[in-house]
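To start, the structure itself, in structure tokens.
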Amino acid sequence: FSPVFARSLVAYKVVAVLYDDGGNRRLFSIFDGVTEYRLGIPMTNHSNGFFVYEDPLHAVKARVPPTSALKDCKRALLRVLASGKGYRRGRALAFPHLTPVAVLEEVDPLERSFAAAFA
């Protein structure tokens, strides 16, 4: 892992989309199914950090582990601001601080051209 530092890096993250009983869209971690992302709300994760990508297409094409809690849910691509002392792991970056700033697109992961929908 290569160490990296950012004060406010524009990056991208794919999350799961769920709707509550009132029809409100909610955004969750695909991996754990518990971490909720809210636009404009800063988040902190000092254990492993939040995994993000500098290129939106890399975020969309990132492998989702088969054991992920929400792997079959509709997905959204977020633009986020990442910061702090993190590390690079392949194309992914992990940072302890993250603020979701925009939902760029929603797509069903079973769509044949999932990655193409974000291009």
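Because only heavy atoms are used, hydrogens play no part in the values below, and waters and symmetry mates are left out as well, while side chains stay in.
A single hydrophobic cluster is seen to contain both V101 and V60, as judged by linkage of ILVMFWY side chains at heavy-atom distances under 4.5 Å, directly or through other members. Linking Ile, Leu, Val, Met, Phe, Trp and Tyr residues whenever their side-chain heavy atoms come within less than 4.5 Å places L27 and Y19 in a single cluster. Y53 and L77 fall into different hydrophobic clusters, where Ile, Leu, Val, Met, Phe, Trp and Tyr are joined by side-chain heavy atoms under 4.5 Å apart, directly or via other members. Both V64 and L104 belong to a single network of hydrophobic side chains, linked directly or stepwise wherever heavy atoms of I, L, V, M, F, W or Y lie under 4.5 Å apart.
Partner of S29 under the side chain to side chain contact (heavy atoms under 4.5 Å, CB included) criterion, chosen from V15, N45, T35: T35.
Taking the side chain as every heavy atom from C-beta outward, V52 and Y12 never approach each other to under 4.5 Å. For the pair F31 and P65, the minimum side-chain heavy-atom distance is below 4.5 Å. Between Y37 and L78, some side-chain heavy-atom pair lies under the 4.5 Å cut-off. Contact check for P56 versus H58: no side-chain heavy atoms found under the 4.5 Å cut-off. Put simply, the side chain of H97 does not reach to within 4.5 Å of the side chain of M43, judged on heavy atoms. For the pair T99/I41, no side-chain contact is recorded, criterion being any heavy-atom separation below 4.5 Å from C-beta on. Proximity of L81 to L98: side-chain heavy atoms (C-beta onward) are nowhere separated by under 4.5 Å. Side-chain contact between R75 and V17 is absent, with no heavy atoms from C-beta onward closer than 4.5 Å.
Between L70 and G33, the shortest heavy-atom contact is CD1-CA, 3.5 Å. Across every non-hydrogen atom of H46 and P96, the tightest pair is ND1-CB, 3.8 Å. The two residues A76 and V103 make their nearest non-hydrogen contact at CB-CG1, 4.0 Å. Heavy atoms only, all atoms of each residue included: S83 and F95 are closest at O-CB, 3.5 Å. Nearest heavy-atom pair, V14 versus A59, reported as atom, atom and distance to 0.1 Å: CG2-O, 3.5 Å.
Rounded to the nearest 0.5 angstrom, R79 CZ and L39 CG are separated by 11.0 Å.
Sequence neighbours left out, the pairs with a member in residues 84-100 that pass salt bridge (Lys or Arg N to Asp or Glu O under 4.0 Å) are E54-R88.
Between the side chain of K13 and the backbone N or O of F51 there is at least one donor-acceptor pair closer than 3.5 Å.
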